[in-house]
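Worksheet: the structure to be examined is printed underneath.
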Amino acid sequence: MLDIKIQRTETPKAKPAPGQKLGFGKIFTDHMFVMNYTEGKGWHDPRIEPFHNISLSPAAMVYHYGQEMFEGLKAYKGPDGNVYLFRPDMNAKRTNSTNDRLVIPQLPVEDFVQAVSAVVDVDRDWIPSDPGTSLYIRPFIIATDEFLGVAPSKTYLFMVILSPSGAYYESGLAPVGIWIEDEYVRAVRGGIGFAKTGGNYAASLIAQQKAHDAGYSQVLWLDGVERKYIEEVGAMNIFFKIAGKVVTPSLNGSILPGITRNSTIQLCKDWGYEVEERKISAEELLEAQKNGTLEECFGTGTAAVISPVGKLRYQDDVMTINGGNIGPLSQKLYDTITGIQTGILPDEKGWRVKVGG
Ligand SMILES: *Cc1c(COP(=O)(O)O)cnc(C)c1O
């Protein structure tokens with residue numbers, strides 16, 4: 001158990017009004033969690049402080065070689081007034097697999113969950129309650145040694161900041177257009193594709209811009225070697241329903257192991273679908289589209305939960321999926337996962353964690 005010191009702000013900010021458009025990641029709450037790591041001492045001084053700017057040496061290692069990691073999860077206010085997290089232990093475990101890859105020290109799973117719960121509890125009045133809204137939680141770790149040599153840092157900061165966020169799609173689940181990128185790649189096996197770290201995003205911006213310029217909202221990456229097999233979308237994993245089966249790329253080391261992906265697979269199996277985790281080539285999708293068996297396509301991730309895909313562009317082909325409309329499986333997954341997250345549906349799998357008393 002962490003012994004967390006709490007210093008409350010004396011100048012609380014105005015909270016967004018009900019009905020106000022929140023967007024994503026633009027508004028921050030009154031408090032943040034902070035904990036230091038020092039080699040030889042371990043993680044120490046866990047505390048909750050007023051939200052504030054931090055001061056680091058311009059030589060701090062994170063600015064130069066990108067030794068950092070982040071996580072993303074949400075807190076929801078249920079109709080019963082309780083505050084819930086969704087599978088936070090999974091974020092804690094993924095933190096440690098990211099940390100191992102980036103030579104950042106391990107953070108005990110229970111300490112991660114306690115830190116997140118504690119700061120959410122302090123700022124629980126910031127959790128919006130309009131339909132589709134939530135409190136986005138961003139835990140992250142940065143390397144803070146003042147040193148320009150290339151080596152793992154000996155000191156780190158672990159912080160958790162909170163941002164009230166709006167419904168991802170203001171007017172309901174709107175299918176998006178996705179660009180299958182065949183020039184740039186995001187990750188290769190043996191690299192850092194499975195780790196949740198800024199470097200993967202820095203490498204993705206150019207293709208994201210290219211897709212936007214062409215009128216598509218996100219990039220679907222192909223494998224880094226053959227540029228043939230589907231990997232994942234910008235910040236989402238990808239699923240297809242082909243001839244009645246649910247198909248998603250297997251976790252091959254260059255794909256981020258999404259928690260929404262894992263929950264989706266479990267639910268689909270419960271509902272009697274055959275779920276295949278395997279290689280899927282872009283050619284196979286074109287073929288399925290031509291013979292009418294590409295029934296649905298959707299992305300899975302914490303931000304949008306389920307994001308139906310209405311249009312997929314691959315080279316000179318544009319595939320329209322399910323007439324550009326949301327499919328029944330996508331809708332059912334969205335309703336079920338968000339229902340469990342917000343406390344509307346029973347939590348048969350023990351995925352929901354209540355915050356505070
Ligand atoms: C975070 C993330 C996802 C989705 O993971 P969830 O745990 O479902 O939110 C997928 N792909 C990438 C690259 C990500 O960073």
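Whatever order the structure lists them in is the order used to number ligands and atoms, beginning at 1. In this text the structure is predicted, and so the values were computed from the model without any measurement.
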Hey, is [X] one of the residues with a heavy atom under 4.0 angstrom from ligand 1?
{"X": "Gly234", "result": "yes"}
{"X": "Glu71", "result": "no"}
{"X": "Gly72", "result": "no"}

Atom [atom1] of [X] and atom [atom2] of [Y]: how far apart are they, to the nearest 0.5 Å?
{"X": "Arg189", "Y": "Asp223", "atom1": "CZ", "atom2": "CG", "result": "7.5 Å"}
{"X": "Leu162", "Y": "Trp126", "atom1": "CG", "atom2": "CH2", "result": "10.0 Å"}
{"X": "Leu267", "Y": "Asn262", "atom1": "CG", "atom2": "CG", "result": "9.5 Å"}

Considering only protein heavy atoms, which is closest to [atom], and at what distance to one decimal place?
{"atom": "atom 9 (O) of ligand 1", "value": "Thr302 OG1, 2.6 Å"}
{"atom": "atom 5 (O) of ligand 1", "value": "Gly258 CA, 3.4 Å"}
{"atom": "atom 8 (O) of ligand 1", "value": "Thr260 OG1, 2.6 Å"}
{"atom": "atom 4 (C) of ligand 1", "value": "Ala235 O, 3.7 Å"}
{"atom": "atom 11 (N) of ligand 1", "value": "Glu232 OE1, 2.5 Å"}
{"atom": "atom 2 (C) of ligand 1", "value": "Lys196 NZ, 2.6 Å"}

Would [X] count as being in polar contact with ligand 1, using the rule that some N or O on each side must be under 3.5 angstrom apart?
{"X": "Thr300", "answer": "no"}
{"X": "Leu256", "answer": "no"}
{"X": "Asn237", "answer": "no"}
{"X": "Arg94", "answer": "yes"}
{"X": "Arg261", "answer": "no"}

Give me the atom names and distance for the closest heavy-atom approach of [X] to [Y].
{"X": "Ile178", "Y": "Val219", "result": "CG2-C, 4.3 Å"}
{"X": "Gly234", "Y": "Gln218", "result": "N-OE1, 4.0 Å"}
{"X": "Leu73", "Y": "Pro139", "result": "CD2-CG, 3.9 Å"}
{"X": "Asp123", "Y": "Asp30", "result": "OD2-N, 3.5 Å"}

Cluster question for you: counting only ILVMFWY and a side-chain heavy-atom cut-off of under 4.5 Å, with indirect links fine, are Met236 and Leu220 together? yes

Which of the atoms in ligand 1, numbered in the order shown and given with their element, are less than 4.0 Å from a heavy-atom of Tyr201? 12 (C), 13 (C), 14 (C), 15 (O)

Measure Arg87 to ligand 1 on non-hydrogen atoms and call it side chain, backbone, both or neither using the 4.0 Å cut-off. neither

Heavy-atom contacts under 4.0 Å between Met90 and ligand 1: side chain, backbone, both, or neither? neither

Test side-chain contact (heavy atoms from CB on, under 4.5 Å) applied to Lys93 and Asp89, Asn91, Thr95, the passing residue: Asp89

Under 4.0 Å between a side-chain nitrogen and a carboxylate oxygen: does that hold for Glu183 and Lys210? yes

Please say whether the positively charged group of Lys13, taken as NZ for Lys or CZ for Arg, lies over the ring of Phe51, i.e. under 6.0 angstrom from the six-membered ring centre and within 45 degrees of the axis. yes

